[in-house]
2 protein chains.
Amino acid sequence: MIRILIADDHDLLREGLEQALGAVPDIQVLGTASSGAELLSILDDVSPDVIMVDVDMPGMSGLEALGKMRGGPPAIVVTMHESAKMRKQAMDAGAVGFLSKSTPLPRLAAAMRAAVAGESFIDDDYDVTSHMNAVLDPGAAALTARERELLSLLATGVSSTDELAEKLYISQKTVKNHLASIYDKLAVSDRAQAAVEAIRLGL
Amino acid sequence: MIRILIADDHDLLREGLEQALGAVPDIQVLGTASSGAELLSILDDVSPDVIMVDVDMPGMSGLEALGKMRGGPPAIVVTMHESAKMRKQAMDAGAVGFLSKSTPLPRLAAAMRAAVAGESFIDDDYDVTSHMNAVLDPGAAALTARERELLSLLATGVSSTDELAEKLYISQKTVKNHLASIYDKLAVSDRAQAAVEAIRLGL
DNA sequence: CCCAATCTGGTCCCTCCGACCCATGGAGGG
DNA sequence: CCCTCCATGGGTCGGAGGGACCAGATTGGG
């Protein structure tokens, strides 16, 4: 279980992330802060495994806060400014991860797992996919790319053979074959169980 | 059940809100868009009761998109620019609601309920609380106790009629009847989709 | 007191799903 | 070069699942 702290001044993002990340099986949201100062003040009470911090916050910025807490838990900086300059500033401030606010949720989760594992996680194009595969859940590792793709659809509520075949541009028979492989690897026996497993695995 | 559409270019906010709003009993997220153009394109396929749209989006802005869809479903504008000028622009573009991104989640939900009720909802200080109390009330989940019980089991991977009947001490036929009711209420058509919905609802 | 909702159970029917058999072509590793 | 894995596809078949009805017992609210 990864215990995290979220710092962002936008309530919608903060509360939304709290919900969404809390729903991830191995992540627990300990608390949130809406400013750098608030982050520092509650950091003493809770001891998170990793913190997610926004750059733009009223009063003390996320990077300032990071500078004042050297030696604390690893921090992942999330921002809407995707420039290389900002990334360097974040890393200089001691961040172990740097992500855009346009990052898909699972990648944020992957970054947190990487952070607690002592690795850094930079939102770049090269090498990221291989890195992510290493960080992702071992249970899902056995699945092939195509199987994961199908399973992801299943986890979003696309359940009929027909729809799945359509969305994957393959025949209904191939869908059934992939499903059979998934059932075997996940030790389940139907789509409902597979969907539950898929969500549990964060797909 | 309020069926909504979310348009925001920041994946984290979009996915977070999708999760968080989907967890609200009387709200169902039909889909999301990451640009004004995408919003317009999917608006034809789904017919939401209300849409939430960000102002700042690449290409076509939220306000531009609103201007092009006059006559569509009511729209709530959410932005980080809290100026009165921006609010006026939003209302001129046809928005029925205007909220800051620093708005607490329940207020956003309240605004959506107000929007479908034909009322407008402006993020102002005066009169808002009284308005909210009138609009709030989380609208009890349509599911009955027994249905929720069955659905919870489904969400834990108990999918076969046989097992469900056994664990609930009822006949297989009654399981099927309950499932049929659940399908109807959740607008799904099989156990896999119901399981996905159940988890999304936090069961 | 009656009506509506809920929980329980039933029958019929037919689609669809999952199990098991197989084949082919391509990619990659030893 | 061969062998394995993957993705694609085919066929068959029994049984489970879902749709469309119905109906009795109980409970609670108007």
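Below, chain A is the first sequence line, B the second, and so on; all start at residue 1. No experiment lies behind these values; they were computed from the predicted model shown. When reading the values below, keep in mind they use all heavy atoms of this one structure, side chains included, and skip hydrogens, waters and symmetry mates.
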Filtered N/O pairs between nucleotides 24-26 of chain D and protein, under 3.5 Å:
none

5'-most contact on DNA chain C (nearest-nucleotide basis), A:Val188 vs B:Arg146, goes to B:Arg146
Tell me which nucleotide among C:dT11, D:dG10, D:dG18 gets nearest to the side chain of A:Asn177. D:dG10
Using atom OH of A:Tyr169 as one end and atom P of D:dA7 as the other, report the distance to the nearest whole Å. 18 Å
Quiz question: by atom type and distance under 3.5 Å, do the side chains of A:Thr32 and A:Glu18 form a donor-acceptor pair? no
Considering the options B:Leu30, B:Val77, B:Leu43, B:Val46, which one meets the side-chain contact (heavy atoms from CB on, under 4.5 Å) requirement together with B:Ile51? B:Leu43
At under 4.0 Å between heavy atoms, what does B:Asp190 touch on the DNA or RNA strands: base, sugar-phosphate, or nothing? sugar-phosphate
Under 3.5 Å, side chain of B:Arg3 to main-chain N/O of B:Gln28, donor-acceptor pair present? no
Could you measure the distance from the CD atom of A:Gln19 to the CZ atom of A:Arg14? Nearest 0.5 Å is fine. 13.5 Å
Counting only side-chain heavy atoms from C-beta out, which of C:dT11, D:dG9, D:dG18 sits nearest to A:Ile170? D:dG9
Quick one: do the B:Ser160 and B:Arg191 side chains pair a donor with an acceptor below 3.5 Å? no
Of the candidates D:dG18, C:dG18, C:dC7, the side chain of B:Lys176 sits closest to D:dG18
Side-chain donor-acceptor pair present, A:Asp9, A:Ser34, cut-off under 3.5 Å: no
Any heavy-atom pair between the side chains of B:Val53 and B:Asp8 that's under 4.5 Å? no
Member of A:Thr161, A:Leu153, A:Asp162 meeting the side-chain contact (heavy atoms from CB on, under 4.5 Å) criterion with A:Val175: A:Thr161
Among C:dT11, D:dG9, C:dC7, which nucleotide sits nearest the side chain of B:Thr144? C:dC7
Short of 4.0 Å, heavy atom to strand atom, which residues of residues 160-167 of chain A count as contacting DNA chain C? A:Ser160, A:Thr161
Looking for any heavy atom pair under 4.0 Å, which part of the strands does B:Ala145 touch: base, sugar-phosphate only, or nothing? sugar-phosphate
Ignoring backbone atoms, test whether A:Ser171 places a side-chain nitrogen or oxygen under 4.0 Å from the OP1 or OP2 oxygen of D:dG10. yes
When you check the phosphate oxygens OP1 and OP2 of C:dC7, does a side-chain N or O of B:Thr174 lie under 4.0 Å from one of them? no
Determine yes or no for a side-chain-to-main-chain donor-acceptor pair under 3.5 angstrom, with B:Gln193 supplying the side chain and A:Gly157 the backbone. yes
Check this one for me: any side-chain N or O of B:Arg191 less than 4.0 Å away from OP1 or OP2 of D:dA16? no
Got a second to check how far A:Arg146's CZ is from A:Ile170's CD1, nearest 0.5 Å? 5.0 Å
Please round to 10 degrees the angle between the axis of the first five pairs and the axis of the last five pairs in the helix from C:dC1-D:dG30 to C:dG30-D:dC1. 50°
How far apart are the closest heavy atoms of B:Leu154 and B:Ser159, and which atoms are they? CD1-CA, 3.8 Å
Distance below 4.0 Å between A:Ser189 side-chain N/O and C:dG18 OP1 or OP2: no
Audit row: A:Leu150, A:Glu147, side chain to side chain contact (heavy atoms under 4.5 Å, CB included) steps and yes/no: CA-CA 5 Å; A:Leu150 196 158; A:Glu147 288 163 359; 5.8 Å; no
